[in-house]
Structure formats: structure tokens, C-alpha cells
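Below is one structure, written out as C-alpha cells; comments come after it.
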Number of protein chains: 2
Amino acid sequence: MSQHRHPGAPGRAGAVPVLPDLPEATVARLPEYLRALHNLADAGHETVSSEGLSAAAGVNSAKLRKDLSHLGSYGTRGVGYDVALLIEQIEYVLGLTQRRAVALVGVGNLGHALAGYDGFASRGFRIAALLDADPSRVGEEINGLVVRHVDELPAVAAEESIAIGVIATPAGAAQRVADQLVAVGVTSILNFAPCVLSVPEGVDVRKVDLAIELQILSFHEHRKASLTALPATGGSALTALPGGLAATDTQEAIGT
Amino acid sequence: MSQHRHPGAPGRAGAVPVLPDLPEATVARLPEYLRALHNLADAGHETVSSEGLSAAAGVNSAKLRKDLSHLGSYGTRGVGYDVALLIEQIEYVLGLTQRRAVALVGVGNLGHALAGYDGFASRGFRIAALLDADPSRVGEEINGLVVRHVDELPAVAAEESIAIGVIATPAGAAQRVADQLVAVGVTSILNFAPCVLSVPEGVDVRKVDLAIELQILSFHEHRKASLTALPATGGSALTALPGGLAATDTQEAIGT
DNA sequence: AGGCGCTTGTGAAGACGTGCACAAATCGCG
DNA sequence: CGCGATTTGTGCACGTCTTCACAAGCGCCT
């Protein structure tokens, strides 16, 4: 870490400097820091310490400092971080300086909500197209955008460069849509359908499954309940599991 | 791992056996396995190998075997896993044998979609109440449920035991709602609002932020673009960062 | 100018998660 | 009955992530 802040390489548009390859865990936290920083900026703070920022983002302060150090970091010892500068750094690294176009496929229950979600626009993204396979939905106007048929994807991609595809279709249609997105050059996909997508190498897929989150919470609920129910049992049969339970009432729930 | 399948301890309702404390990473994958297993069961498979199941769930097969071994596992060497039995095991561990009641607070854009999302009902959850702070929304009927005012939360909790609270409000209202949920005894919260919640110890919070997912994808897009733009630069200045970029056009964004 | 308090950046250690590779176990067949 | 094919369960090594603790650096006050 000899010299950062080397004056050269401003390179407004072209010549993107090579990005440091951040740990994936760090990348996942940067948006969190960014949000906290925006809040601080709105509240009028000019600088913030790692302690303060980590509290606002809900993480350990040492972790925050290490995360920021990975991107070269511009903190000042004894003072803290310049809020505005740090916002820029993170937005640059995350590639948010350009407003990326998002294509949303599947305008059902969830798709409708996503199309109207202002959190996208406010954080550097622009929904460029709404698509659906159902002809009865094509033509509908949502939030100022007209729903087009998914087969028009090539045309949409030709009109403007789609950076990210969002899949909000039923599981059965998701793989097909993913293939179509890949075919028109999309290399980043956010998948809300509860299924595994297979995509060629070089394409990033992130998955959000609302039911999975609930199931994880359910586990912890179950766990808490089982612990408070048997507070006496010290450390004896930790590996105990139901086992025989298959015979009784679960049968009617599963069956055929 | 001497003797599993010990015949005793079926204990229908009461006497919940102590759950093994699974690694968090394993818990997060169990719902994935569960979904894949349901698909296999629907397709008529009676047994499945770790290889087959791991492919369907999109994970490494060794990882899957280790995950399943943590819950005692009921595979048969040379054969594989009994699909129906494994479904039961996982559903039991995740606490899905009882249909847990969910209270959804915030019936705006996203809340509407969540209220209508059938993925909850189909995977062991039941939306027991819809709540909102906006009086103009109270009384509205969504999917057979009438929206009630959030201040009625104590009454709702008294009517039936709420296992999980889902927060789909704007960020500004989220902490307040979380406090209300905690006050009526909810110990698991799924938060869709883009903010950090502070809750007492013993309360689990999981967070889903749609914009964060996009930002993570944006980073990878940015990274891919910067790599393909400079394919010649071998391994020289890997730590290069913009740095000077603050001097030019960013100034007008910050300044004061 | 010098010292003091505060904060960053980082080395090192420990916890955690992953994946290979193989022994142990089971089934089916001759 | 024995053997080979198959598949689980797991020991081990490796990589990643987290956390502590502290030296280095910075600004302010005297």
C-alpha cells in the first residue's frame, strides 16, 4: 500500500482501470455501507469513523476497516472517512456511476411489485423493459412502461444495452427465459423463480427465494422452541432425531 | 454415529427432541434440497443418489452428503436416499411439520405481492394477518384477508400464535414495526425494508434487499467490463484505482 | 515544536466452510 | 455364498472469512 492517490489515470469515460478483485463477502457488504453512508450524508455528516459507520451498517468495525482497505481506502487516521469521497469510491467500484439498464421478465404478482419498486431507480438502476410471455399481459402499462412480449427480447436488447436481467416468472418458465437472456448477451441475472438455473460460464446468477428465507427462520424458531422446552437435558443425546415419526400424521401431508 | 434409527422417541406432539445444531450454511441449503426433493417426488422417484440430488439442487455432491450427515441422515450405501423419508427429515428439522403463521406488515407495493405470493402457502406457511399503518389501506381485502391496522397487532397475536413477522414497510417505519412485533412476542423477523434493525437478543432477523442484489451483480458486470477492456495488461498494476477521479466531474456532485 | 489522544490499516490467529479422496457398507448377480 | 459395482459417510487439507490487538499516522492543543 505504498502510494494511493496517484494523480494520473482520471480517464473520465474510456480506459477503465483494473478493479481490485475483492473478496466476495466484501462485495456483498459494500452496498450496505453505501446505504449507511447516504443516510449519514443526508444527515449532514462530513466524516465518519469506522466505529460509527460499522454501527450504522450493523457490522463489526474491524471487518468494515478491512473491507474498505481492500479498495485502497481513503480514511484519515485520527479523523475517519470522508463521507462523500467514500460514497464515490464505493459507487465507482460497484459500477454504479453509470445507470444500468434492467430488463424485467415476468409481470405477475411479484413482477408487478418489482416494476413499481422505487428502490431500483433510487440506487442506480433503470428498468428499461418489462416483458412477459402471456399475451394477455402484453400491452399493459405499468409505471409508465408498456409490457412487451418476451420474444421481443432481441429487439429490446438492440435498442439499448441491457446490463442485468431479472426473472420473476414461475419456476417452469425460468430456464427458458434465462436462455433467452443469455442469447441476447445478458451476463448478469437476478432470479426470483424457485429453481436452479444453468447458464454458461461467465454469466453470473444470483437467486432470491422468499420462501427459503422463511424456512430458515422457521428452523431457528423450531430450534428455540425445542431448547426452551427441554432446559434440563444437559448434553446427553444431542444427536437425537425423530426417526419413527414417518408413520403418523406426516403421511397425510405427503403421501402420493 | 453408532446407532441412528433408534425406535423410541416418536413423541407425536409434546417432547420435541433436541435438534442438532447445524452449521448455518447447511441450514441455508436445506430448503434448496427440500425443493429439489419435492420435484423428484413429483416425478415419481423413490430414491435418489447424492450425485443426482446435488445436481438438482445445484451444489457439490460431497457438500450435500456432509450436510445430510449432520442431521443424522438416512441414506443407504449403494442405493442412495429415500426421497419421501428425506423430505420428512428435512421438513421436521426445519420445523415445517406445523404450518407456521406469518404476519405481514406493510401492504404497499411489495407487501401486496407478498400477500398474493403462493410460494408461502405451498411451502408450509400461512399468512395469518395483513397489517398497515396507513388508515386508507385498512379494510382493503387482499387474497381473502382484510388489512387491519398495525396497532391491532396485540389483538392479532392474541388470536393466534404468530411465528414470524414480515416487514414490508418503507425504511422509516421498519424499526418501529420491529419493536411492535417484538413486543407481542415475535422472535423471527424477515425484513424487506432497506435498513438495519436493532432487536433484543434471541430475536432472529433476516434481511432481503432487492437493490443490494442488483448492486452485487453490477459489481461483477463492472469487473467483467474492465477485464475485457484491458486484456493486455498482464499482472502489473492490480491495485490501481481511480483515485484522481474526485477532481474532475465528481466535484460538482459533492462540493458544497 | 512537541506531546497526546484518537483512528486507521494490518498481521496473526482462530473459526468456519469446502472439496477431495477413500474406507465402510449395501445390493444384486452369478 | 462370495464378489464386484455402487454409493454413503467422513478424515484431512486447503482456502476464505472473521476478530483481536496493536503499531503507524494524523490532527489538535499547549
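Worth knowing before you read on, the calculation uses all heavy atoms, side chains too, and leaves out hydrogens, waters and symmetry mates.
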Taking CZ in A:R176 as the centre, count heavy atoms belonging to other residues, nucleotides or ligands within less than 6.0 Å. Is the count above 12?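 No, the 6.0 Å shell around CZ holds no more than 12 heavy atoms from other groups.
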
(Q) Tell me whether the count of non-hydrogen atoms from other residues, nucleotides or ligands lying under 6.0 Å of CD in B:E46 goes above 12. (A)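 No, not enclosed.
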
Please give, in whole Å, the distance from [N] [atom2] to [X] [atom1]?
X     : N      : atom1 : atom2 : value
A:Y74 : D:dC26 : OH    : P     : 15 Å
A:Y33 : C:dT8  : OH    : P     : 13 Å
B:H70 : D:dT8  : NE2   : C1'   : 15 Å
A:D82 : D:dG27 : CG    : P     : 13 Å
A:R29 : D:dT16 : CZ    : C1'   : 11 Å
B:L68 : D:dT8  : CG    : C1'   : 10 Å

Nearest to the side chain of A:E24 - D:dC17, C:dG17, C:dT18?
->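 The closest nucleotide is D:dC17.
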
Does a side-chain N or O from A:Y81 land closer than 4.0 Å to OP1 or OP2 of D:dC26, or not?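 Answer is no, no contact under 4.0 Å.
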
Dump every N/O contact between nucleotides 26-30 of chain C and the protein below 3.5 Å, one line per pair.
from, atom 1, to, atom 2, distance (Å)
C:dT26, O4', B:R77, O, 3.4

#### Entry: Nearest non-hydrogen partners of B:L94 and A:S218, listed with the distance
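Distance-wise, the nearest heavy atoms are O-OG, 2.6 Å.
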
Could you tell me whether the side chain of B:H222 and the main chain of A:V93 form a donor-acceptor pair under 3.5 Å?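 Yes: the side chain of B:H222 pairs with the backbone of A:V93.
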
| query | Can a salt bridge be assigned to the pair B:E32 and B:R29 using a cut-off of 4.0 Å between side-chain N and carboxylate O? | reply |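 B:R29 and B:E32: not salt-bridged.
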
Are B:D209 and B:K207 within salt-bridge range, i.e. N to O under 4.0 Å?
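Judged by the 4.0 Å cut-off on N to carboxylate O distance, B:D209 and B:K207 do form a salt bridge.
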
* To do: Examine the side chains of A:D67 and A:Y33 and answer whether a donor and an acceptor come within less than 3.5 Å of each other.
  =>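 Side chains of A:D67 and A:Y33: pair found under 3.5 Å.
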
Would you please say whether a donor-acceptor pair under 3.5 Å links the side chains of A:T97 and A:E91?
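Per modelled atom types, A:T97 and A:E91 side chains form no pair under 3.5 Å.
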
inquiry  = With the threshold set at under 4.0 Å for non-hydrogen atoms, list the residues of residues 49-67 of chain A touching DNA chain D in residue-number order.
reply    =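 Under 4.0 Å from DNA chain D: A:N60, A:A62, A:K63, A:R65, A:K66.
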
Worksheet item: Per the side chain to side chain contact (heavy atoms under 4.5 Å, CB included) rule, which among B:L197, B:V196, B:V208 passes with B:N191?
Response: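 When side chain to side chain contact (heavy atoms under 4.5 Å, CB included) is applied between B:N191 and each of B:L197, B:V196, B:V208, only B:L197 qualifies.
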
